[in-house]
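Ligands are counted one by one from 1 in listed order, and the atoms in each one are counted from 1 as well.
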Amino acid sequence: MTQQHTVVLIPGDGIGPEVSEAVTRLFTAVEAPIQFEQHHAGITALAESGEVLPATTTEAIRTHRVALKGPCTTPVGKGFTSVNVALRKQLDLYAAVRPIRSLNGVPTRFSDVDLVVLRENTEGLYSGIENVVTEGVVTSLKVATEKACRRIADYGFAYARERGRKKITVMHKANIMKLSDGLFLRCAREAREQGGYTDVEYEEVIIDAGCMKLVQDPTRFDVLLMENLYGDVISDLCAGLVGGLGVVPGANFGTAGAVFEAVHGSAPDIAGKGIANPLAFIMSGVMMLNHLAESRRDTACQKASERIKTAYNQALADGQKTGDLGGSLNTLGFVDALIERLPA
Ligand code: ATP
């Protein structure tokens with residue numbers, strides 16, 4: 001009897017339900033040993049329960065420890081804090097992992113990009129502490145704690161070691177934010193020294209120069225370690241190096257579990273048209289299968305993940321792509337192209 005894993009599925013808003021349908025179809029086609037339990041967050045949840053992040057959703061993630069989450073929209077100007085930020089904070093999902101790789105069949109300026117953006121997910125300018133000092137003067141507080149800086153640095157070095165990554169680059173602006181980014185740097189250095197990771201190459205790059213270096217030659221980088229806002233911005237920059245937001249998956253790890261989600265947002269400009277590229281969400285699903293394969297030693301998850309990966313690599317190589325990548329397929333047409341290419 002195959003092991004079945006219950007995973008929380010949050011379809012989300014905008015293109016979320018469309019890319020979620022793509023994943024569920026594909027998972028059914030590969031007979032992935034996953035039982036999705038659907039819960040809501042964002043505008044969809046607000047309409048249904050009056051809350052953007054219902055406790056039933058966070059409780060379900062705590063129970064099952066793994067979720068696949070579509071992009072969620074936060075209503076503008078009604079005093080709501082971001083759903084995505086609230087979820088990461090409530091579940092203490094402190095490490096965002098975003099692998100950025102060149103894909104065959106998606107030509108871009110560089111053909112051999114292979115980076116991982118590691119983003120601290122719980123503090124920095126995302127703390128949401130803003131104040132009106134006096135009329136016309138506001139402040140936004142950037143919070144850095146030794147605990148969170150050290151925790152993401154420890155995670156980064158352990159990740160590099162486990163995955164055979166050679167180098168960690170911390171991008172920062174400690175020349176200006178001497179205390180907050182200075183603390184981030186100190187924690188990274190200490191994590192390397194005290195954790196015995198001196199075999200992992202380490203460098204510190206001021207983020208503005210880092211952006212220039214990234215677009216000039218991304219192949220000189222390996223793992224990029226950053227505080228929250230820098231990680232947000234650099235993730236999109238790196239997505240642009242490999243074909244855009246339609247091809248970059250992500251995972252958020254923490255003590256309460258793991259939530260897999262694409263880097264892209266709800267893309268309201270194309271929502272409801274059935275044309276969104278589901279690949280980033282499919283790739284997030286593949287990361288989730290790999291996580292289950294590793295953490296629960298399940299070879300069926302490993303097999304399902306490998307089959308999906310082979311299918312999308314083949315589809316892209318055959319020129320089967322959605323509009324954002326220069327192809328002509330719609331969301332479900334791309335899924336059909338993948339299903340046709342699933343290896344035995
Ligand atoms: P958020 O603030 O919620 O992170 P964002 O401002 O980064 O969102 P997105 O919703 O990610 O914006 O969309 C940015 C642009 O990328 C839009 O033009 C959108 O249509 C496009 N885009 C994002 N995801 C996809 C996708 N999966 N397929 C095709 N186009 C996409």
Q) Does a side-chain N-to-carboxylate-O contact under 4.0 Å join R98 and D236? A)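 Here R98 does not pair with D236 in a salt bridge, since their nearest N and O are not under 4.0 Å apart.
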
What residue and atom, counting heavy atoms only, is the protein's closest point to [atom], and at what distance?
atom	answer
atom 16 (O) of ligand 1	L245 CD1, 3.9 Å
atom 18 (O) of ligand 1	D269 OD2, 2.8 Å
atom 7 (O) of ligand 1	D236 OD2, 4.0 Å
atom 29 (C) of ligand 1	I270 CD1, 3.6 Å
atom 25 (C) of ligand 1	I15 CD1, 4.1 Å
atom 23 (C) of ligand 1	H264 CB, 3.7 Å

Could you give the side-chain donor-acceptor pairs of residues 244-252 under 3.5 Å, partners two or more places apart or in another chain?
unit_1	atom_1	unit_2	atom_2	d
N252	OD1	N121	ND2	2.9
N252	ND2	V259	O	3.2
N252	ND2	E261	OE2	2.8

field: P71 heavy atom under 4.0 Å from ligand 1
entry: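 Not so, P71 does not reach ligand 1.
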
Should the heavy atoms of other residues, nucleotides or ligands under 6.0 Å from NZ of K147 be counted, would the total exceed 12?
no

Checking N290 against S305 for the side-chain hydrogen bond (donor to acceptor under 3.5 Å, both in side chains) test, could you report, in this order, the C-alpha distance in whole Å, the side-chain angles of both residues, the deciding distance, and whether it holds?
CA-CA 7 Å; N290 288 336; S305 123; 2.7 Å; yes

TODO: Measure from atom 26 (C) of ligand 1 to every heavy atom in T74, L279, T331, N277 and give the option owning the shortest one.
DONE: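 Residue with the shortest heavy-atom distance to the ligand atom: N277.
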
Query raised in the report: So which of K167, R192, K213, R189 actually passes salt bridge (charged side-chain N to carboxylate O under 4.0 Å, His left out) with E203?
Result: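 Running salt bridge (charged side-chain N to carboxylate O under 4.0 Å, His left out) over K167, R192, K213, R189 with E203 returns exactly one hit, K167.
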
- Output all residues satisfying salt bridge (charged side-chain N to carboxylate O under 4.0 Å, His left out) with R119, sequence neighbours left out; order by chain, then residue number.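 Testing R119 for salt bridge (charged side-chain N to carboxylate O under 4.0 Å, His left out), a comparison that skips the adjacent residues, returns D232.
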
Would you verify whether the NZ or CZ of R151 falls within 45 degrees of the ring axis of Y94 while also being under 6.0 Å from that six-membered ring's centre? yes

(request) Quick one: do R62 and L91 satisfy side chain to side chain contact (heavy atoms under 4.5 Å, CB included)? Show the steps, please. (result) CA-CA 8 Å; R62 280 186 212 282; L91 296 172; 3.8 Å; yes

A267 heavy atoms within 4.0 Å reach ligand 1 at atoms 10 (O), 19 (C), 20 (O), 23 (C)

Point to revise | S266 neighbourhood, listing ligand 1 atoms whose heavy-atom distance to it stays under 4.0 Å | key: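 Listed by number with element, the hits are 10 (O).
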
Notebook entry, point to check: When you look at M283 and R101, which way does the side chain to side chain contact (heavy atoms under 4.5 Å, CB included) test go after all the steps?
Noted result: CA-CA 11 Å; M283 288 169 147; R101 287 195 194 93; over 6 Å; no

Looking only at distances, please establish whether an N/O atom of ligand 1 is found under 3.5 Å from an N/O atom of G265.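 Indeed, backbone or side chain, G265 has an N or O that close.
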
Exercise. So, for atom 2 (O) of ligand 1, does the protein have a heavy atom nearer than 4.0 Å?
Worked result: no

Protein heavy atoms: any of them under 4.0 Å from atom 5 (P) of ligand 1?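 It does not; no protein heavy atom is within 4.0 Å.
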
